[in-house]
Undergrad: 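Structure incoming, see below.
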Amino acid sequence: MRTHSCGQITENEIGSTVTIVGWTNKWRDHGGVVFIDLRDRSGLVQVVFSPEIDVELHKAAHKIRNEFVLQIEGDVRQRPEGTINTSLPTGQVEVVVKSFTVLNECKPLPFMVDDETDASESLRYKYRYLDLRRPIIQKYMIMRHKAVKSLRAYLDSQDFLDIETPMLTKSTPEGARDYLVPSRTNPGRFFALPQSPQIFKQILMVSGLERYYQIVKCFRDEDLRADRQPEFTQVDMELSFVTRDDVIAIVDDMIKIVFKETLDVELTEPPVRLTYHEAMDRYGSDKPDLRFGLELKDVSDIVKDSSFKVFLDTLSKGGMVKAINGKGMAGYSRKDLDDLTREVQGYGAKGLAWMKVKDKIESPIAKFFPEESLKALTERLEAENGDLMLFVADKVDVTNDCLSRLRNELGRRLDLIKEGVYKFAWITDFPIFEYNEDEKRYEAMHHPFTAPMEEDLETFFSVDASELRSPDSGLRSLRAEAYDIVLNGYEIGGGSIRIHKKDAQDRMFQLLNIDADEANDKFGFLLEALEYGAPPHGGLALGLDRLVMIMTGAHSIRDVIAFPKTQKAACPLSSAPSEVDAKQLEELSLKLDIVE
RNA sequence: GGGGUGGUAGUUCAGCUGGUUAGAACGCCGGCCUGUCACGUCGGAGGUCGCGGGUUCGAGUCCCGUCCACCCCGCCA
């Protein structure tokens with residue numbers, strides 16, 4: 001239907017006759033001459049209808065409206081002097097129409113197809129096909145395609161096999177809530193959509209496929225966020241006969257190539273390596289944004305010499321006092337500080353103490369500190385005149401959590417986050433277990449198939465099982481062969497070396513207080529497979545949506561998903577989820593019991 | 001489940017301490033216009049003020065409930 005795409009028509013085509021197709025991006029009817037910007041995926045070109053060429057043609061052109069689909073035959077010519085549009089790649093030329101066909105008309109639009117739409121998201125998603133016509137969103141889709149293409153090519157070059165795993169699979173107890181699918185042929189039974197292909201990819205390793213990958217949808221029925229969708233895409237990988245550093249090296253290599261091929265960005269410095277402990281100590285978070293400093297400092301040892309009751313009480317209860325240096329923030333007013341305090345309290349802290357560093361320390365709590373302590377604090381925090389020291393005292397977890405959020409907030413406020421900067425980090429040596437306060441037991445921080453670190457194996461097997469319910473047991477100190485990759489403060493991937501021996505896996509379930517029957521019921525097929533010569537193996541999954549979001553500079557994961565869901569996990573375009581016929585429910589042996 | 005913000009024309013928004021004809025811009029429709037590219041210009045149409053209830057002589061405005069969207073907490077790797 002066409003000889004050229006719109007974006008292709010530049011000076012090189014001057015003098016030739018072309019046929020182009022596309023959408024009417026904009027029409028400008030001067031009564032005499034009529035201009036239309038015709039748009040296809042490749043770009044825009046101006047076409048001109050002139051009464052001097054053909055009166056009938058020119059008359060028909062008055063009827064063209066926005067987003068009409070046109071096929072145009074015409075001659076490419078240099079634009080007359082003074083009418084060149086330098087902000088357009090095709091701005092040197094225009095197409096003089098000799099004939100055209102309206103391939104389709106378009107109703108008045110609910111919003112303008114334009115990069116700078118201010119239409120609300122719900123409207124955009126209801127008419128996502130119009131939203132997707134916007135060049136900026138097309139750019140996101142194209143970038144995503146390029147990233148995927150590059151990932152596949154790389155993984156193929158490293159001998160990974162793309163193998164599909166079931167979408168209709170088995171519900172698992174740990175982790176997120178499952179999306180369930182009722183089985184008609186097995187009344188009362190349900191499939192679950194996979195939260196990840198975890199068990200299947202491990203089985204593929206037992207199967208001797210050695211290197212597996214899949215770019216695959218995963219499903220988690222949890223509440224949404226700007227960076228979370230109920231169905232999302234993982235670049236899922238698993239390798240046999242590898243150590244943690246092998247996996248990390250491959251992923252580093254892969255990321256480097258993807259950034260080069262997709263963004264033409266050369267990642268020169270290798271990702272920072274931090275243990276979980278270091279990350280928590282210095283940033284209070286296992287996904288620190290390393291685009292700026294503002295590190296946290298533990299000042300418990302200094303403030304213990306003060307007479308400030310809040311700090312002392314916290315310390316006596318086993319808590320900690322940590323601080324952050326708000327660079328140049330000593331000018332903050334009482335109200336600014338109250339706002340910051342409220343913000344930190346929203347994260348769970350009881351309060352926020354502060355000291356302004358001026359010629360002397362200005363602070364309501366300064367009087368509780370001996371002179372040498374104040375000096376030690378400013379030294380520890382490397383605080384200079386004009387800085388603001390901010391303190392949180394609480395249980396270790398709360399202190400870290402609050403200060404890491406505060407740190408991110410300060411990073412934004414102090415404008416320390418620069419566009420186009422990509423700071424990667426690997427976080428390693430995660431604890432195996434995490435204590436669940438509500439259920440008074442330990443849970444797997446990563447998942448129950450994660451191998452303990454070599455050095456901790458002995459303790460792993462020897463820990464007294466009676467400590468399983470104690471929040472301070474030796475289980476806390478055990479570390480896993482798990483690793484997360486973090487980019488600009490987002491966790492973009494994570495993985496681990498897996499347990500490949502039955503005895504370790506049994507022990508893991510024992511420590512998680514999952515009895516043998518339950519373990520067999522849920523994961524029996526994996527447990528059994530481990531007994532048939534399972535090789536050492538490990539892997540990782542990258543969150544493709546998040547990765548592409550960061551690469552494109554999009555503000556929400558929804559921007560890089562063609563058909564995203566709203567915060568209520570609904571699809572505004574298709575109106576899913578919807579009610580179903582009574583007959584369908586009957587076939588599935590289901591009865592509804594909706595509590596009003 | 002909880003906190004916050006928002007919902008008024010097709011769209012984005014304004015609409016004060018409640019006051020009778022609910023506005024603007026863009027878009028849409030019609031006229032004029034031969035060099036625009038955010039075209040210009042003249043005119044016009046267009047409203048269940050999210051929904052339900054209440055207070056009041058009177059509600060877009062106040063109160064209660066509810067729905068939807070977004071951000072966050074919980075939840076989630």
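Just so it is clear: chains get the letters A, B, ... in the order the sequence lines come, proteins before strands, and each one is counted from 1.
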Undergrad: What string of B, S and - do you get for nucleotides 26-34 of chain B 5' to 3' if you count protein non-hydrogen atoms under 4.0 Å?
TA: -SSSS--BB
Undergrad: For nucleotides B:G15 and B:C49, find the distance between their C1' atoms and express it as a whole number of Å.
TA: 11 Å
Undergrad: Between A:Arg498 and A:Glu238, is there a side-chain N and carboxylate O pair less than 4.0 Å apart?
TA: yes
Undergrad: With P as the reference atom in both, quote the distance from B:C37 to B:C26 in angstrom, rounded to an integer.
TA: 15 Å
Undergrad: OP1 or OP2 of B:C39 sitting under 4.0 Å from any side-chain N/O of A:Arg28?
TA: yes
Undergrad: May I have the distance from A:Glu343 (atom CD) to B:G3 (atom C1'), rounded to whole angstrom?
TA: 13 Å
Undergrad: What does A:Arg77 touch in the nucleic acid at a heavy-atom separation under 4.0 angstrom: a base, only the sugar-phosphate, or nothing?
TA: base
Undergrad: Using the ring of A:Tyr127 (Phe, Tyr or Trp, six-membered ring only), decide whether A:Arg133 places NZ or CZ under 6.0 Å from its centre and within 45 degrees of its axis.
TA: no
Undergrad: One pair to check against salt bridge (Lys or Arg N to Asp or Glu O under 4.0 Å): A:Arg228 and A:Glu222. What are the steps and the verdict?
TA: CA-CA 9 Å; A:Arg228 262 162 39 192; A:Glu222 296 293 347; over 6 Å; no
Undergrad: Across all strands, who's sitting opposite B:A22 as a Watson-Crick or G-U wobble pair, both distances under 3.5 Å?
TA: none
Undergrad: Return the NE2 to OG1 distance between A:His277 and A:Thr428, rounded to the nearest 0.5 Å.
TA: 12.0 Å
Undergrad: With a 4.0 Å cut-off on heavy atoms, is A:Glu94 in touch with a base, just the backbone sugar-phosphate, or nothing at all?
TA: base
Undergrad: Find the partner of B:A38: check Watson-Crick (N1-N3 plus N6-O4 or O6-N4) and G-U wobble (N1-O2, O6-N3) distances, both under 3.5 Å, and reply none if neither fits.
TA: none
Undergrad: Taking any heavy-atom pair under 4.0 Å as a contact, classify A:Leu88: base, sugar-phosphate, or nothing.
TA: nothing
Undergrad: Hey, can you tell me if A:Phe433 and A:Tyr442 have their rings parallel, tilted or perpendicular (30° and 60° cut-offs)?
TA: perpendicular
Undergrad: What is the base-pairing partner of B:A69, counting Watson-Crick and G-U wobble geometry with both distances under 3.5 Å?
TA: B:U5
Undergrad: Which one is paired to B:C33, where only Watson-Crick or G-U wobble pairs with both distances under 3.5 angstrom count?
TA: none
Undergrad: For A:Arg79 and B:C39, what is the distance between atoms CZ and C1' respectively, to the nearest whole Å?
TA: 13 Å
Undergrad: Tell me which nucleotide, if any, is Watson-Crick or G-U wobble paired with B:G52 when both distances must be under 3.5 Å.
TA: B:C64
Undergrad: Determine whether A:Tyr129 and A:Leu573 make a side-chain contact, defined as any pair of heavy atoms from C-beta on separated by less than 4.5 Å.
TA: yes
Undergrad: Quick one: what's the B/S/- string for nucleotides 70-77 of chain B, heavy-atom cutoff under 4.0 Å, read 5' to 3'?
TA: BBSBBBBB
Undergrad: Between B:U8 and B:G60, how far apart are the C1' atoms? Round to whole Å, please.
TA: 7 Å
Undergrad: Rounded to whole Å, please give me the gap between CD1 in A:Ile84 and P in B:U36.
TA: 13 Å
Undergrad: Without decimals, in angstroms, what is the distance between A:Lys126 NZ and B:G10 P?
TA: 12 Å
Undergrad: Output a table of nitrogen or oxygen pairs between the protein and nucleotides 5-7 of chain B separated by less than 3.5 Å.
TA:
none

Undergrad: Salt bridge check: are A:Arg273 and A:Asp245 linked by an N-O gap of less than 4.0 Å?
TA: yes
Undergrad: Taking ring-ring contact (aromatic ring centres under 6.0 Å, His included) as the definition, give me every residue that meets it alongside A:Phe100, ordered by chain and number, with sequence neighbours left out.
TA: A:Phe49
Undergrad: Using the C1' atom on both, measure B:C33 against B:G43 and round to a whole Å.
TA: 15 Å
Undergrad: Taking 4.0 angstrom as the limit, do A:Arg77 and A:Glu94 come out as a salt bridge?
TA: yes
Undergrad: Should A:Arg177 and A:Asp223 count as an ion pair when the cut-off is N to O under 4.0 Å?
TA: no
Undergrad: If pairing requires Watson-Crick or G-U wobble contacts with both distances under 3.5 Å, which nucleotide is the partner of B:C16?
TA: none
Undergrad: With the threshold set at 4.0 Å, does a side-chain nitrogen-carboxylate oxygen contact exist between A:Asp289 and A:Arg407?
TA: no
Undergrad: Is the shortest side-chain N to carboxylate O distance from A:Asp401 to A:Arg405 below 4.0 Å?
TA: yes
Undergrad: Taking atom P in both B:C73 and B:A77, what distance in whole Å separates the two?
TA: 15 Å
Undergrad: Applying side-chain hydrogen bond (donor to acceptor under 3.5 Å, both in side chains) as the test, list every pair that has at least one member in residues 475-494 of chain A; sequence neighbours left out.
TA: A:Asp456-A:Arg479
Undergrad: The criterion is side chain to side chain donor-acceptor pair (under 3.5 Å); which residues satisfy it with A:Asn85, sequence neighbours excluded?
TA: A:Ser87
Undergrad: With P as the reference atom in both, quote the distance from B:A9 to B:G23 in angstrom, rounded to an integer.
TA: 14 Å
Undergrad: Could you measure between the two C1' atoms, the one in B:G47 and the one in B:C63, and give it in whole Å?
TA: 25 Å
Undergrad: What does A:Phe111 touch in the nucleic acid at a heavy-atom separation under 4.0 angstrom: a base, only the sugar-phosphate, or nothing?
TA: nothing
Undergrad: Atom CG of A:Asn25 and atom P of B:A38: how far apart are they, to the nearest Å?
TA: 11 Å
Undergrad: Classify the nucleic acid contact of A:Pro80 as base, sugar-phosphate or nothing, counting any heavy atom under 4.0 Å across all strands shown.
TA: base
Undergrad: Quote, to the nearest angstrom, the C1' distance that separates B:C62 from B:G19.
TA: 14 Å
Undergrad: Under 4.0 angstrom, heavy atoms only, what part of the nucleic acid is A:Ser120 near: base, sugar-phosphate, or nothing?
TA: sugar-phosphate
